[in-house]
Amino acid sequence: MDACHFQHQKHKKRLTQDQVRLLETSFDHGKKLEPERKLQLARELGVPPRQVAIWYQNKRARWKTQNLELDYNVIRVRLEHALIEKRRLERDVIRLQGELEKAHEMLHALNYANPNPPPIVSTVFSSTSCDEGGSTLENNEELQFEKLYESLMGADGSNLV
């Protein structure tokens with residue numbers, strides 16, 4: 001180590017807690033250090049302007065790292081919640097597929113037992129539903145399926161099967 005470098009280290013003093021507090025307060029008001037602000041802080045603290053600039057540079061680097069860590073943690077928590085929701089939805093899909101399969105089996109059994117069932121009249125669908133492009137036969141099958149589903153699920157939505 002050369003003598004000049006050793007002398008430079010000898011003259012560089014560590015900042016006191018009060019000095020750091022003042023720098024922290026200044027940093028909280030602005031992350032960038034304007035030249036006139038640097039000179040003002042250096043005078044108030046009794047340190048070279050270069051030391052103030054280096055402190056700001058180091059503080060900004062630590063601040064960016066902390067923000068990245070915070071952002072990462074927020075994203076990680078959101079991902080965990082999304083995965084929990086995905087698993088819940090997958091369970092719902094499996095449950096609903098089972099209900100649909102049971103309804104199809106019951107509808108098939110009913111159609112097999114009575115191949116020509118009488119048309120079911122519903123207040124939910126009027127005869128104008130044929131105007132939407134569906135045939136009367138398709139609408140009757142839809143009505144039968146809805147009635148079957150209602151009977152399986154119960155009027156209050158509770159599952160009877």
**Student:** Quick check: closest heavy atoms across T16 and Q19, and the distance to 0.1 Å?
**Tutor:** N-OE1, 2.7 Å

**Student:** Please name the pair of heavy atoms, one in G30 and one in Y56, separated by the smallest distance, quoted to 0.1 Å.
**Tutor:** O-CE2, 3.5 Å

**Student:** Is any NZ, NE, NH1 or NH2 atom of the basic residue among E85 and R88 found under 4.0 Å from an Asp or Glu carboxylate oxygen of the other?
**Tutor:** yes

**Student:** Looking at every heavy atom in both P48 and A42, which two are closest together, and how far apart are they?
**Tutor:** C-CB, 4.1 Å

**Student:** Please report the interatomic distance NZ(K102) to CE(M106), rounded to the nearest 0.5 Å.
**Tutor:** 10.0 Å

**Student:** Determine the minimum heavy-atom distance between K38 and A53, stating which atoms define it.
**Tutor:** CD-CB, 3.7 Å

**Student:** Enter the distance from E99:CD to I94:CD1 here, rounded to the nearest 0.5 Å.
**Tutor:** 13.0 Å

**Student:** So, taking the atom named NZ in K59 and the one named OG in S26, what distance separates them when rounded to the nearest 0.5 Å?
**Tutor:** 11.5 Å

**Student:** Are W63 and W55 in one and the same hydrophobic cluster, where Ile, Leu, Val, Met, Phe, Trp and Tyr link if side-chain heavy atoms are under 4.5 Å apart?
**Tutor:** yes

**Student:** Same cluster for L33 and I54 if Ile/Leu/Val/Met/Phe/Trp/Tyr side chains link at under 4.5 Å?
**Tutor:** no

**Student:** If the test is side chain to side chain donor-acceptor pair (under 3.5 Å), which one of E36, R43, E44 qualifies with Q40?
**Tutor:** E44

**Student:** Same hydrophobic cluster for L107 and L100, using side-chain heavy-atom links shorter than 4.5 Å among ILVMFWY?
**Tutor:** yes

**Student:** Got a sec: does the NZ of K64 have more than 12 other heavy atoms crowding it under 6.0 Å?
**Tutor:** no

**Student:** Are N67 and L70 close enough that some pair of their side-chain heavy atoms sits under 4.5 Å apart?
**Tutor:** yes

**Student:** CG/L89 to CG/L96 distance, rounded to the nearest 0.5 angstrom?
**Tutor:** 10.0 Å

**Student:** In Å and rounded to the nearest 0.5 Å, what is the CG to CG distance from L22 to L41?
**Tutor:** 6.0 Å

**Student:** Could you grab the distance from atom CZ of R78 to atom CG of N73, nearest 0.5 Å is fine?
**Tutor:** 12.0 Å

**Student:** Quick check on the hydrophobic clustering: are L39 and L15 connected, directly or via other members, by side-chain heavy-atom contacts under 4.5 Å?
**Tutor:** no

